[in-house]
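Written out below as structure tokens is the structure these notes cover.
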Amino acid sequence: MSSNKIIKIKNKKKKTKIVCLTAYSKNIAKILDNQCDIVLVGDSMANVLYGMKNTNEILLETIIKHAKAVRLGLNKSLMVVDMPAKTYRSTSEAKKNAKLIIKKTRCDAVKIESNKMNFKIIKALVKANIPVMGHIGFTPQFKKRFKIFGKTSLEKKKLLNEAILIEKAGAFSLVLECVTESAARLITNKIKVPTIGIGSSSSCDGQILVTDDIIGLSGFYPRFVKKYLNLNKLILKAVRKYKQDVKKQYFPLKKHTY
Ligand code: KIV
């Protein structure tokens, strides 16, 4: 089942753009299911949901808890779960934790960030029949400072080399985060697996954004985010109306009462 879904995603390269978003809960997953090819239970939940300073603070058990909820809302989309920082420092640690994630959440694949050295971790996971999505460019688990990657020809070369090694290790797709358009185009044209961009231009085979950002809930709007809805404003409007109703005793009415 999972392998069919993965083949379908790989086959979309150069044919149709791949649509991806994040989900941390059942209700959001249910909405995304009919719309997205891939739904990622991202470690971005650390900042977005828990207000933590960085993604490295999120625990494996927390990701698993949210991924179990997401599973309840997902049927069609490929479900990928982020492996949190320090859960894949060796092949044995990576295998143990990836197997736990898959067993507990019934996800289709895991995502791991590249530190430019962990290609053999991907290889070991793939060998153990665990589909892996790679992640290069800005990789928050390993980089403290935000920057755009692939500005110089040397950086472009290094990124391409990293992408090729990840593809060779067996990853079925590759997230490019905050990579220049020319680097994204070069990588997308050179590797056979789909590239999924975030802040990395339309040259990628697909796009991913954090759902809370596009619906205006997170308050985080860097240049690469397009805000499609101001949910903060809509929620505030509803809460104010509720407050007013309670104060004026317009709520609850007889019809809300047993
Ligand atoms: O954690 C996350 O949401 C991610 C995406 C931004 C790619 O890794």
Side-chain angles (χ1 to χ4, degrees), residues 2-3 5-14 18 20 37-38 40-44 55 78-95 97-98 101-102 107-143 147-150 153-201 203-208:
S2 272
S3 55
K5 279 187 179 176
I6 287 187
I7 292 167
K8 275 190 187 161
I9 296 285
K10 285 170 96 172
N11 286 342
K12 287 183 194 287
K13 186 168 174 107
K14 299 256 182 274
I18 300 166
C20 321
D37 300 301
I38 299 177
L40 171 70
V41 184
D43 63 356
S44 52
T55 55
L78 186 90
M79 178 175 160
V80 180
V81 175
D82 248 338
M83 291 195 70
K86 300 193 179 80
T87 64
Y88 53 96
R89 290 167 294 186
S90 65
T91 51
S92 57
E93 184 180 57
K95 275 204 269 185
N97 289 324
I101 292 173
I102 290 180
C107 67
D108 302 298
V110 295
K111 174 163 84 60
I112 77 170
E113 292 185 10
S114 169
N115 66 357
K116 299 189 178 76
M117 289 176 296
N118 54 10
F119 313 112
K120 74 168 197 251
I121 304 272
I122 298 178
K123 203 170 175 180
L125 292 180
V126 174
K127 205 172 158 206
N129 274 325
I130 299 167
V132 179
M133 176 183 242
H135 184 158
I136 66 169
F138 182 60
T139 49
Q141 289 183 13
F142 298 109
K143 299 194 175 81
K147 77 166 241 191
I148 306 294
F149 285 77
S153 52
L154 179 64
E155 257 190 25
K156 259 180 253 179
K157 245 189 208 166
K158 281 185 179 171
L159 275 174
L160 177 61
N161 191 41
E162 201 179 348
I164 290 171
L165 289 171
I166 289 172
E167 178 181 36
K168 275 192 180 151
F172 74 91
S173 63
L174 181 61
V175 169
L176 306 183
E177 182 162 352
C178 295
V179 163
T180 59
E181 176 159 26
S182 59
R185 197 183 312 117
L186 178 74
I187 295 166
T188 303
N189 286 337
K190 276 272 155 61
I191 66 173
K192 291 188 184 69
V193 295
T195 57
I196 310 294
I198 172 160
S200 298
S201 85
S203 292
C204 298
D205 297 303
Q207 296 295 323
I208 186 161

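- Remark: the Thr195 side chain and the Thr188 side chain contain an N/O donor-acceptor pair separated by less than 3.5 Å.
- The two residues Ile6 and Ala109 have their closest heavy-atom pair at CD1-CB, 4.4 Å.
- Residues Ile191 and Leu174 meet the side-chain proximity criterion, which asks for heavy atoms closer than 4.5 Å.
- The structure places CD1 of Ile18 at 6.5 Å from CG of Asp37, a figure rounded to the nearest 0.5 Å.
- You'll find the side chain of Leu159 reaches within 4.5 Å of the side chain of Phe149, heavy atoms only.
- The minimum heavy-atom distance linking Glu167 with Lys192 is given by the pair OE2-N, 2.6 Å.
- Side-chain N/O atoms of Ser173 and Lys10 include no donor and acceptor closer than 3.5 Å.
- Counting heavy atoms from C-beta outward, Ile166 and Phe119 have side chains that approach closer than 4.5 Å.
- Asp205 and Lys12 are not joined by a salt bridge, as no carboxylate oxygen comes within less than 4.0 angstrom of a charged side-chain nitrogen.
- The side-chain heavy atoms of Met133 and Ile196, taken from C-beta on, include a pair separated by under 4.5 Å.
- The shortest side-chain heavy-atom distance between Val110 and Val132 falls under the 4.5 Å cut-off.
- More than 12 heavy atoms of other residues, nucleotides or ligands lie within 6.0 Å of NZ in Lys13, so this atom counts as buried by the packing criterion.
- Nearest heavy-atom pair, Glu177 versus Pro140, reported as atom, atom and distance to 0.1 Å: OE1-CD, 4.0 Å.
- Among all heavy-atom pairs drawn from Ser200 and Val179, the shortest one is OG-N, 3.0 Å.
- Contacts of Phe138 classified as ring-ring contact (aromatic ring centres under 6.0 Å, His included), with partners at least two apart in sequence or in another chain: Phe146.
- In this structure, the separation between CG on Asn118 and OH on Tyr88 is 6.5 Å, given to the nearest 0.5 Å.
- Taking CD1 of Ile9 as the start and CD1 of Ile38 as the end, the distance is 4.0 Å to the nearest 0.5 Å.
- Side chain to side chain, Glu162 and Ser114 meet the donor-acceptor criterion of an N or O pair below 3.5 Å.
- Atoms NZ and CZ, on Lys5 and Phe172 in that order, are 11.0 Å from each other to the nearest 0.5 Å.
- Under the rule for a salt bridge (charged side-chain N to carboxylate O under 4.0 Å, His left out), Lys120 has no partner lying at least two apart in sequence or in another chain.
- Residues Glu181 and Arg185 form a side-chain contact, since some pair of their non-hydrogen atoms from C-beta on lies under 4.5 Å apart.
- When side chains are defined from C-beta on, Leu40 counts as touching Ile208, because their heavy atoms get closer than 4.5 Å.
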Practice task
Run the numbers on Met83 and Ile101 for side-chain contact (heavy atoms from CB on, under 4.5 Å), then give the verdict.
Solution key: CA-CA 8 Å; Met83 291 195 70; Ile101 292 173; 3.9 Å; yes
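- In this structure, CD1 in Ile7 is found 7.5 Å from CG in Asn11, a value given to the nearest 0.5 Å.
- Asp82 is linked by a salt bridge (charged side-chain N to carboxylate O under 4.0 Å, His left out) to Lys111, counting only residues two or more places apart in sequence or in another chain.
- Between Ser182 and Lys156 the shortest heavy-atom distance is OG-NZ, 3.1 Å.
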Handout entry: Audit row: Cys107, Val80, side-chain contact (heavy atoms from CB on, under 4.5 Å) steps and yes/no
Key = CA-CA 6 Å; Cys107 67; Val80 180; over 6 Å; no
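- One finds the CD1 atom of Ile121 at 8.0 Å from the CG atom of Asn115 (value rounded to the nearest 0.5 Å).
- Using a 4.0 Å cut-off between charged nitrogen and carboxylate oxygen, Lys147 and Glu155 count as a salt-bridge pair.
- The closest side-chain heavy-atom distance from Pro194 to Lys14 is not below 4.5 Å.
- Nearest heavy atoms, Ala171 versus Val193: O-CG1, 3.4 Å.
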